[in-house]
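Naming: A, B, ... by sequence-line order, numbering from 1 per chain. Remember, it's a predicted structure, so these values are computed and weren't measured experimentally.
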Amino acid sequence: MIRNYFIIAWRNLSRNKVYSLINILGLAIGMAVTMLIGLWIYDEITYNDYFTKSERIAQVYQTQTFNGKKGTGPAIPRPLEAAMREDYGNNFNHIVMSSWQQTYYLQNGDKNLRRDGHAWQNGAIDMFGFEIIKGDRNGLEDPNSIMLSENTAEELFGDADPIGKVIKVNSEHDMMVTAIFRNIPENNTFDEVEFMVPWQHYADTNEWIANALQHWGNNSFQMFVEIKEGKTMEEVSQLIGPVKYEKAEGEKEYDPVMFLHPMKDWYLRGDFENGENIGGRIENLWLFGTIGLFVLLLACINFMNLSTARSEKRAKEVGIRKTLGSERPQLVRQFLAESLFIVMLSYLLAMIMVQLSIPSFNELSGKTVEIPWGEPVFWICCLSFILITAFLAGSYPALYLSSFNPVTVLKGTFKAGRYASLPRKVLVVTQFSISVALIIGTLVVMKQIDHSKNRPVGYNKEGLIQIPVFSKDFEGKYDLMHEAFLRSGGAVAMSGSMSPVTSVWSNRSGWTWEGKQEGFQEDFAWVEVTHEYPSSMGLIFTDGRDFSREFASDSNAVILNETAVRYMGIKDPVGKLIRDEDTGEEAQEPMKIIGVVKDMVMQSAYKPVKQTLFVFSKEGNINYYNLRLNPEKSVKENLELIEQTFKTHFPALPFQFEFVDENYALKFRAEERIASLAAVFTVLAIFISCLGLFGLASFVAEQRTKEIGIRKVLGASVSNLWLMLSREFLLLVMLSLLIAIPIAYYIMQNWITKFDYRTNISWWIFISAGLGAIFLTIFTISFQAVRAASGNPVKSLRDE
Amino acid sequence: MIIQVKNLEKYYRTDEVQTIALNKLSFEVKEGEFVAIMGPSGCGKSTLLNIVGLLDEVDAGSFVFKGQEVAHYSERQRARLRKHNIGFVFQSFNLIDELTVYENVELPLIYTGVKPSQRRLQVEAVLEKMQITHRRNHFPQQLSGGQQQRVAVARAVVHNPKLILADEPTGNLDSSNGNEVMQLLTELNKAGTTIIMVTHSEHDAQYSHRVIRMLDGHKVTENIMA
Ligand SMILES: Nc1ncnc2c1ncn2[C@@H]1O[C@H](COP(=O)(O)OP(=O)(O)O)[C@@H](O)[C@H]1O
Ligand SMILES: [Mg+2]
């Protein structure tokens with residue numbers, strides 16, 4: 001019986017090549033899109049699956065309240081460790097103190113690499129379950145030990161055995177390689193970690209960390225934990241909530257609440273607002289999941305429409321089969337089997353499409369997904385996917401076609417009733433509403449990205465490079481290098497700063513100033529810079545003056561951005577002082593405001609610029625050299641000159657640099673990826689819809705051949721006929737516009753409010769989406785309409 | 001008695017008008033009989049055949065098929081009874097275009113659940129008998145009208161039904177092909193199959209035992225053929 005069904009299906013396919021092509025191609029594209037999205041989602045939800053204990057691992061987070069606004073983040077103070085171990089230790093298998101991701105120079109002989117890694121306590125190895133392929137699992141016990149990734153070990157030592165060898169770290173410390181760990185896979189929080197060093201080493205070699213041991217207000221560290229078996233995240237989270245509040249007298253005003261942020265939420269639900277988790281990347285999962293379903297639905301609608309449109313052709317067969325004793329369920333099964341057959345063919349084509357498009361997909365999405373051929377789960381998913389698609393596409397046509405009455409259809413006068421095409425119209429409107437909404441959505445997202453990209457950044461990011469200078473070798477060399485780089489002719493200006501131009505690494509509070517309101521809980525972005533910073537960046541002064549080497553007192557100078565002036569509520573800020581709230585022995589000297597600059601966008605391009613203090617770096621806390629390339633020379637020449645100069649002074653260190661404008665562009669990468677993926681899917685969705693429209697148009701043209709012939713004989717022109725054939729479809733598409741535009745407007749208006757710096761949803765977006773849809777419709781159906789209208793009427797009339 | 005029809009009524013309702021297609025029609029057919037139904041176009045012949053063939057519902061009256069009252073049967077019940085007992089031959093052949101001759105003939109056996117090996121034997125036998133074995137792998141459009149109607153007859157009899165209903169089986173055929181089909185039907189009737197045939201042709205009616213003449217939905221005369 002099944003064989004019989006497939007035979008019929010196959011012969012129907014091969015006899016109606018155009019319909020078959022439209023059906024299979026449409027379904028295949030739809031399925032391919034859905035599969036790619038499926039792979040993407042799978043990759044997202046398996047993020048951090050590398051850690052076998054991911055259900056029990058968490059990071060300790062903290063919510064504090066500043067001026068009534070709750071802020072949440074992973075930064076915790078150092079004394080928390082002792083408090084947690086003493087009072088709550090029995091809830092945890094591991095409590096691990098950790099640095100932020102560090103960039104170190106790792107040197108073995110003449111090989112010197114700059115690599116990212118972590119300083120953390122030995123428990124991290126067992127807790128995260130890093131795979132040690134050589135050496136000692138407890139290799140972080142000794143403060144002067146280091147663990148290397150497979151890759152880094154090979155780069156440093158080649159084929160030689162690295163275990164027990166000593167390498168130079170940051171040109172300063174001799175550290176012994178105690179273990180080699182398996183490279184951490186791509187979709188993992190720690191995928192960039194190439195080395196691990198002991199927490200103790202990190203704490204011992206940095207004075208400020210040692211100083212932080214009793215300092216509850218210095219939130220500069222991270223803590224990872226593994227809760228004991230049998231405990232739940234919620235209960236432990238509750239338990240540790242007040243730990244800081246109870247211990248830290250001076251911090252009570254900020255109402256600190258500690259809690260556990262479970263590993264399974266790190267990647268997908270990393271955003272907090274008002275102390276509450278508000279999701280994060282998970283939104284993109286919903287977004288793409290919805291798009292995937294919609295695209296599949298569009299393809300299924302094509303299938304339904306074409307199958308039911310052609311029902312008059314199948315009606316006779318249904319009639320005969322019923323006469324010969326077939327019951328309706330048998331026919332339903334037959335038609336379902338037929339759609340299963342077509343879906344299977346489409347699936348094969350879709351698999352080929354997916355396989356071929358995976359490289360470009362990965363490039364576009366910044367992922368490294370592949371088809372998991374070996375996973376049984378994958379095949380189960382594929383099978384269910386085929387069945388679900390076949391059912392989705394096939395059930396309506398099956399029920400419709402099998403409902404025909406044999407007596408009526410065999411009389412030979414069967415014509416689908418006047419309302420038979422109503423469901424098809426509804427489906428076409430659905431298709432185009434979805435497509436138009438997708439177009440509008442994509443346009444709004446792109447406009448928003450464009451808008452943020454073109455935001456005035458307050459400095460000149462063109463022709464600016466930054467060189468990271470973390471190593472001890474650079475200490476005290478700033479003035480020397482400043483002179484050398486300028487003299488080389490490769491740079492026309494240079495400055496130093498503690499954080500890169502495109503981010504802020506430090507926030508400070510504990511200041512007071514004239515006119516500060518009682519109880520005001522200030523929080524400033526803190527950027528330490530050299531004299532030349534404002535001039536080399538091209539910051540725009542609105543008040544006061546730049547740092548100057550002429551004034552020795554400028555070692556205590558501070559420059560504010562405009563937001564800071566407004567935030568602090570000072571009038572005539574220049575000349576005023578910002579003082580340490582502490583008045584004791586260790587109080588810092590007051591800082592004198594010497595100037596005000598226009599806001600410089602360093603952090604999120606979507607958010608308002610934070611109140612920022614540019615302070616002169618007294619301690620030479622310089623991590624980056626920022627060089628303005630010489631506009632008279634080519635970039636290549638400049639870079640050669642700069643590299644030569646660098647190598648003359650630091651022959652052992654690798655010369656590495658970043659273009660600031662490229663770094664800035666990275667801020668948009670995630671959004672751009674989402675937008676370009678969405679754009680591709682939208683184009684495919686529209687293509688599928690047009691494919692369906694094309695099929696329907698050819699069906700209608702075919703169905704009305706006789707009518708067209710008669711009208712032509714009676715004198716209708718090609719354009720009369722074109723209008724007659726196109727009008728109905730155009731009306732449907734316009735109806736779709738009426739439905740899609742308000743819905744899309746509502747959704748996107750909602751979406752865009754999550755950006756503080758946002759574009760407006762202009763009318764031209766709707767106009768262009770609407771005109772685009774109408775134009776595409778005309779283009780799609782005109783081919784069929786004109787062909788039918790220009791046929792020879794004699795021929796079509798003789799056919800009857 | 002294979003068929004007993006009493007006061008049969010059938011109406012068609014379209015938007016405003018109601019047509020009486022069958023009006024208190026009564027007649028009987030004995031097992032093994034060959035009955036011809038004649039009458040002007042639109043008098044209700046096909047409607048009657050569809051009801052007798054268990055394809056259509058009855059609006060009023062009684063219809064006893066092989067001793068069972070079936071007037072109130074549901075579509076599913078009718079389908080079950082139909083597929084084992086009745087074969088149809090139509091004026092326009094009604095073969096499935098996407099199936100070959102062999103597959104078309106095989107269909108009723110599939111629906112009655114005959115095993116594949118048994119199906120093969122039966123189909124081969126009937127193709128042989130209808131002399132279309134050499135056309136078994138052709139599609140209907142590749143055959144002449146006469147050949148198509150022979151396939152249709154083959155399909156109607158392949159599962160050895162008790163009753164064959166033929167609605168103007170020669171209507172689309174020339175006289176020599178028409179005679180051939182009438183010959184086939186006569187042979188089937190001689191072998192014991194009951195046949196009810198609608199026809200416009202007095203010539204074809206000669207082959208039957210009895211002619212029922214209809215007008216406006218009811219029976220006017222009944223003549224036994226010589
Ligand atoms: N499906 C239908 N809907 C409405 N009227 C119908 C339908 N089928 C048949 N009729 C009407 O019923 C009457 C009998 O039709 P039919 O049995 O086909 O006649 P015959 O086969 O004798 O030519 C005719 O008047 C015809 O118009
Ligand atoms: Mg008739």
Within 6.0 Å of CZ in A:Phe385, more than 12 heavy atoms from elsewhere: yes
Neighbour count above 12 (heavy atom, 6.0 Å) for B:Gln142 CD: yes
Chain A contacts, top residue of B:Thr47, B:Asn94, B:Asn50 (heavy-atom pairs, under 4.5 Å): B:Asn94
Note, A:Glu317 side chain near B:Asp97 side chain (heavy atom, < 4.5 Å): no
Within-4.5 Å side-chain heavy-atom neighbours: B:Glu57 and A:Val407: no
Residue B:Phe93 versus chain A: region with a heavy atom under 4.5 Å: neither
Contact winner vs chain A - B:Arg78, B:Glu106, B:Lys83, B:Gln91, heavy-atom pairs under 4.5 Å: B:Lys83
Point-to-point distance, once rounded to the nearest 0.5 Å, from CD of B:Glu98 to CG of A:Asn12: 4.5 Å
Atom CD of B:Glu128 with >12 non-hydrogen neighbours under 6.0 angstrom: no
B:Arg82 (side chain) donor-acceptor with A:Lys322 (main chain) under 3.5 angstrom: yes
Side-chain (A:Lys316) to main-chain (B:Leu95) donor-acceptor, under 3.5 angstrom: yes
Spatial distance of atom CD1 (B:Ile96) from atom CD1 (A:Ile320) [nearest 0.5 Å]: 5.0 Å
OG1 on B:Thr100 to CD1 on A:Ile7, rounded to 0.5 Å: 7.5 Å
B:Asn7, CG atom: more than 12 neighbouring heavy atoms under 6.0 Å: yes
Under 4.5 Å from any heavy atom of chain B - which part of A:Arg328: neither
Distance, nearest 0.5 Å, that separates CG of B:Leu55 from CG of A:Leu410: 8.0 Å
Close side-chain approach of A:Arg11 to B:Leu99, heavy-atom, < 4.5 Å: yes
Under 3.5 Å donor-acceptor, B:Arg76 side chain and A:Glu327 backbone: no
Pairwise distance OG1(A:Thr323) to OH(B:Tyr111) - rounded to 0.5 angstrom: 10.5 Å
Pairs involving residues 135-161 of chain B, ordered by first then second residue, that meet salt bridge (Lys or Arg N to Asp or Glu O under 4.0 Å) (sequence neighbours left out): B:Glu124-B:Arg136, B:Arg150-B:Glu180
Residue part contacting chain A, namely of B:Asp56, when any heavy atom lies under 4.5 Å: both
B:Phe139 atom CZ, neighbour heavy-atom count above 12 within 6.0 Å: yes
